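Working notes for the structure below.
Every value quoted in this text rests on a predicted model; they were computed, and no experiment measured them.
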Amino acid sequence: MPPESKDLKSTINLPKTTFPMKANLPQNEPKMLARWEQDRLYDRIRAARKGSPLYVLHDGPPYTSGPIHLGTAMNKCLKDFIVKSKTMSGFDAPYVPGWDCHGLPIEIKVDKELGGKKLQMPPLSVRNACRKYAQKYLDLQRTQFKRIGVFGRFDQPYATMTPQYESTVLKTFFSFYENGFVYKGLRAVYWCMHDETALAEAEVEYENHTSPTVWVKYAFADDPAKIDPALAGKKLNTIIWTTTPWTLPASMAVAFHPDEEYVALESGGEVYIVASKLAADAAAKCNLADPHPLAHFPGRKLERLNFQHPFLDRKILGVLADYVTMDTGTGVVHTAPSHGAEDFMTGVKYGLDATSNVDEKGILRNGLPEYEGLRVWDANQPILDLVKSLGALLHSEKTEHSYPHCWRCHNPVIFRATEQWFISMETPMPGSAGKHDTLRTRTLSEIKTVKWDPAWGEERLSNMIQTRPDWCISRQRVWGVPIAVFLCEACGKPLNDPAINKKVVELFARNGADSWFTNEPDNLIPADTKCPHCSAAKFEKESDIFDVWLESGASYLALVAAEPEYPWPSDLYLEGGDQYRGWFQSSLLCAMGTHATPPYKNVVTPGWTLDEKGQAMSKSRGNDVDPVDIAGRLGGEVVRLWTASVDFREDVVGSEALMQRVGENYKKIRNTFRYILSNLYDFDPTKDAVPFEEMQELDQYMLRETVAFADDVKKSYDDFAFHKIYHRVNHFCIVDLSAFYFDVLKDRLYIMAPKSQARRSAQTAIWQIGEALVRLLAPIMSFTSEEIWPYLPQVEGREESVHLAHFPAATDILGAGATERDEKQHEDWTKLRNVRDNVLKALEDAREKKQIGGGLEARIDLSASEPLYELLKTYEGQLRYLFIVSAVTLKPWVEVEGAVGGIIVNVYAAEGQKCERCWNYSTQVGEDPTYPTVCERCSAVLKEL
RNA sequence: GCAGGAUUAGCUCGAAGGUCGAGCCCGCGGUCGAUAACCGCGAGGCGUUGGUUCGAUUCCAACAUCCUGCACCA
């Protein structure tokens with residue numbers, strides 16, 4: 001029964017699928033997540049890869065004081081891409097997320113919540129409040145990371161506030177301690193005398209402050225001829241300049257720049273040494289009448305010569321320092337090692353006394369009656385008066401300048417030298433060859449064994465290790481791991497007994513670091529223990545806690561302690577560039593102290609997240625993009641795809657507009673899949689698949705292109721070049737598939753008899769393409785790949801989840817036995833596609849001239865020079881389908897003026913009638929009386945049906 | 001100020017000592033059998049100034065702008 005003309009449409013194999021065009025990601029992703037959770041997919045992946053080579057990416061712990069931001073989201077997505085791609089490459093790649101829970105920011109926030117109550121609370125209560133706070137954000141961040149599709153051992157993460165972790169921190173410290181790396185000593189730190197506490201640099205804010213500024217005469221107390229013969233017998237002085245007169249009692253040295261020129265100015269019978277560049281200014285300020293230079297010399301001439309303190313019986317040493325600048329003052333810097341960071345360093349270098357005579361309340365002690373017992377600010381004027389009365393005050397004025405303030409109480413802070421714990425960078429390594437084989441030098445040589453990506457990381461970290469001071473690991477705080485060391489009550493010296501240390505580590509492992517607060521020394525120290533220094537028998541507990549960097553630096557040590565089969569070193573660390581100062585460095589040092597090797601084989605550094613103007617993204621600026629918000633409105637997949645779209649090794653731009661754009665792109669990829677699925681509705685690979693060698697050549701060519709595509713993508717996964725994958729996938733979907741292959745294939749898929757070899761060949765190809773593409777995209781588009789997975793034909797042995805599957809190999813795509821590459825075929829088809837582009841351009845010209853509308857309304861004459869003509873001749877019968885026109889006539893080459901690329905395309909209106917079924921034009925429409933409105937090709941198909 | 005990095009189309013990127021290029025966006029058109037789709041065509045660029053070179057967007061130097069970390073000091 002011949003179909004009526006209106007029923008012809010029902011004889012066409014139009015695409016059909018229930019795979020929705022609209023993704024509805026915000027609604028569907030949470031359902032997918034629930035399913036994964038219920039199926040315990042992460043555990044099933046572990047089980048599936050058990051026994052495969054391990055690949056351990058060790059997670060850097062984010063800080064638990066707020067929700068995640070775009071940078072954190074990107075960081076986790078990148079790690080997820082790596083873990084999933086390694087998994088699909090056949091590795092056993094576990095991922096244990098971690099969190100950094102201790103430290104100041106949390107303690108400060110909790111302080112604010114507690115208000116004045118904190119002072120009345122015992123440390124354990126404060127710690128409990130902090131723990132609750134940290135746990136709250138750990139839970140929040142965990143939910144947020146999962147929401148963007150990150151896979152990992154989320155039900156059993158590592159956290160720096162767990163007993164096992166805390167004991168590892170302490171054990172790591174003892175490893176340093178027992179090997180002689182640790183000492184306790186003075187150091188100048190920021191000190192808030194209002195809050196009576198040391199401050200970290202991050203807790204200091206610069207605000208304007210008005211200070212008295214004084215120019216003070218320091219008499220020279222050495223032989224002037226040592227500087228220059230011209231000065232012999234002169235009454236010599238130098239002039240210092242300071243904005244903190246209260247530090248003068250602590251003045252131990254005057255610093256000169258080694259290479260800057262200084263001048264000795266004679267005026268009123270005395271001689272003054274100041275920097276040449278500042279001489280005029282200093283002479284004017286200090287009212288030096290008629291100054292004239294006696295000698296010029298570099299600052300280094302003054303090293304280790306003596307001066308006299310203006311009001312104390314103390315020799316002041318001439319020292320050299322590179323930080324002396326020539327922009328303000330006199331070029332001579334009064335140096336009080338107990339009250340300045342740089343002064344302190346200089347003091348260490350020259351062996352100066354750094355004892356602080358300022359107590360924790362900021363009151364001067366052990367001083368002259370004029371200022372004894374006064375607060376530092378109140379001492380300024382009396383000291384100034386004292387200096388003046390001795391004739392040493394040459395000038396004074398008020399200066400407004402930027403000065404560090406406490407970020408909590410906003411009072412100005414001071415530097416104050418206090419006892420701190422240090423890890424010395426100059427300690428010889430255990431079993432070392434000599435004293436030049438120190439923690440610093442060995443670390444520097446071990447840095448070279450790590451692969452840094454980008455490569456500048458090696459230089460950057462080396463520079464930092466090269467110049468960094470000893471590591472100050474103590475903090476006078478509550479929320480952290482206590483430095484669990486006993487101190488002799490009599491002499492104050494620490495007890496370092498490995499047996500006792502071990503006992504405390506075990507205690508921490510059982511009961512957590514809180515047990516340091518609940519146990520008294522007597523519970524932990526054997527009764528007969530005596531101080532090795534003074535033989536006293538009474539001990540007290542150290543009250544400082546560890547720098548949090550020491551804690552997070554021990555993270556891989558903690559993980560390996562719990563998972564002994566994990567490799568040392570780990571395969572990869574991946575964190576932002578700020579971690580060269582932080583985690584990369586502290587992890588490296590902790591590993592050096594315990595294993596004498598780095599904890600990582602590879603270190604990768606993503607860039608910073610910026611807004612569309614190139615400004616750093618931050619919540620306080622209000623230019624941040626919230627990944628959780630994007631996930632809620634556009635989908636977690638969009639956050640993932642955005643992460644993949646940018647070159648993460650550089651600073652990356654994130655914005656609403658970019659997310660929208662990526663979302664558009666997502667639709668394109670999704671539609672490509674939808675088209676594949678919609679043409680497989682009647683395809684069962686076990687029955688219908690066509691062997692490679694029997695496939696149409698276009699299909700063979702496209703499958704080989706797919707193999708090349710898969711190779712590129714897999715290579716890019718290995719290189720962590722996700723943005724290349726993003727662009728390669730786009731290109732493949734848009735240019736190779738949608739615009740070329742699928743467009744050409746429509747005719748064959750729709751028109752040919754459903755079970756015809758031609759159609760089955762095409763279906764086999766797109767099935768394999770879909771199967772390859774879904775796997776290759778799974779690490780990045782984890783939600784959508786999983787959604788697509790069951791829509792593709794189910795063959796036996798196929799995994800339940802795409803995330804359990806492997807990347808496709810060439811034999812998966814082509815079938816066994818097919819040659820992976822065919823250069824001739826590739827070149828031929830590249831040329832054919834080139835000709836196609838020329839034809840499409842010619843069609844567009846004809847369209848513009850209103851000669852044709854759709855391509856099928858055209859027939860074309862094509863002529864080409866050799867050897868292209870020969871090639872076209874071979875494919876002559878296929879050309880009309882390749883170009884999607886109704887007819888192609890191949891003509892021998894004739895030399896024509898203006899022919900481009902050896903091709904001439906002429907477009908004409910197609911001859912004959914439009915076939916009502918396939919829309920091609922044919923002169924034979926109507927020849928078959930059974931089907932009078934269709935072409936010869938369609939009538940043949942219809943007879944077959 | 002010190003250390004490290006960046007600058008290519010409106011956006012995201014790729015390549016290379018020899019006329020740079022892709023996708024998206026945009027404009028125009030086609031199609032109405034992937035339709036909250038699909039196809040084609042078009043427009044559009046190497047931060048600035050020097051140097052090396054036959055030739056530089058590429059190599060070198062300086063400058064500018066931006067990012068990160070450190071130092072911001074007497």
Nearest to the side chain of [X], heavy atoms from C-beta on, is which of [options]?
X	options	result
A:I12	B:G29, B:G33, B:U68	B:G33
A:R460	B:G4, B:C38, B:A74	B:G4
A:N665	B:U35, B:C39, B:G23	B:G23
A:L14	B:G33, B:A74, B:G14	B:G33
A:M21	B:G14, B:G29, B:A37	B:A37
A:N463	B:C24, B:C41, B:A3	B:A3
A:H727	B:C67, B:A74, B:C13	B:C13
A:V653	B:G33, B:A74, B:U12	B:U12
A:W456	B:C67, B:G5, B:C11	B:G5
A:K914	B:G23, B:C32, B:A34	B:C32

Using the [atom1] atom on both, measure [N] against [M] and round to a whole Å.
N	M	atom1	result
B:C28	B:U19	P	34 Å
B:G18	B:C11	C1'	29 Å
B:C20	B:A61	C1'	25 Å
B:G44	B:A22	P	13 Å
B:C25	B:U12	P	15 Å
B:G10	B:A6	P	22 Å
B:G40	B:C24	P	9 Å
B:U8	B:C46	C1'	4 Å

Sugar-phosphate only, base, or nothing, as touched by [X] at under 4.0 Å among non-hydrogen atoms:
X	value
A:E342	base
A:G853	sugar-phosphate
A:K613	nothing
A:Y580	nothing
A:R917	base
A:T328	base

- Message: Using the rule given for side chain to side chain contact (heavy atoms under 4.5 Å, CB included), can you reason through A:T330 versus A:L278, listing the C-alpha separation, both sets of side-chain angles and the distance that settles it, and then say yes or no?
- Response: CA-CA 6 Å; A:T330 60; A:L278 292 161; 5.5 Å; no
Side-chain touch [X]/[Y], heavy atoms, less than 4.5 angstrom:
X	Y	result
A:I769	A:F732	yes
A:S251	A:H334	yes
A:I465	A:M425	yes
A:V216	A:L394	no

Is the distance from OP1 or OP2 of [N] to the nearest side-chain N or O of [X] less than 4.0 Å?
X	N	result
A:R581	B:C70	yes
A:Q615	B:C67	yes
A:K746	B:C39	no
A:K22	B:A36	no

- Message: Looking at B:A9, which nucleotide sits across from it as a Watson-Crick or G-U wobble partner, both distances under 3.5 angstrom, or is there none?
- Response: none
Is there a donor N/O on one and an acceptor N/O on the other, under 3.5 Å, for the side chain of [X] and the base of [N]?
X	N	result
A:T325	B:A74	yes
A:R661	B:C25	no
A:S738	B:A34	yes

- So, for A:F19 and A:F673, is the gap between ring centers shorter than 6.0 Å? no
- Would you say whether A:W919 stacks on B:G33? The test is a distance between ring centres of less than 5.5 Å and an angle between planes of less than 30°. yes
- Query: Testing A:Y218, A:Y262, A:W241 for side chain to side chain contact (heavy atoms under 4.5 Å, CB included) with A:V332, which one passes?
  - Reply: A:Y262
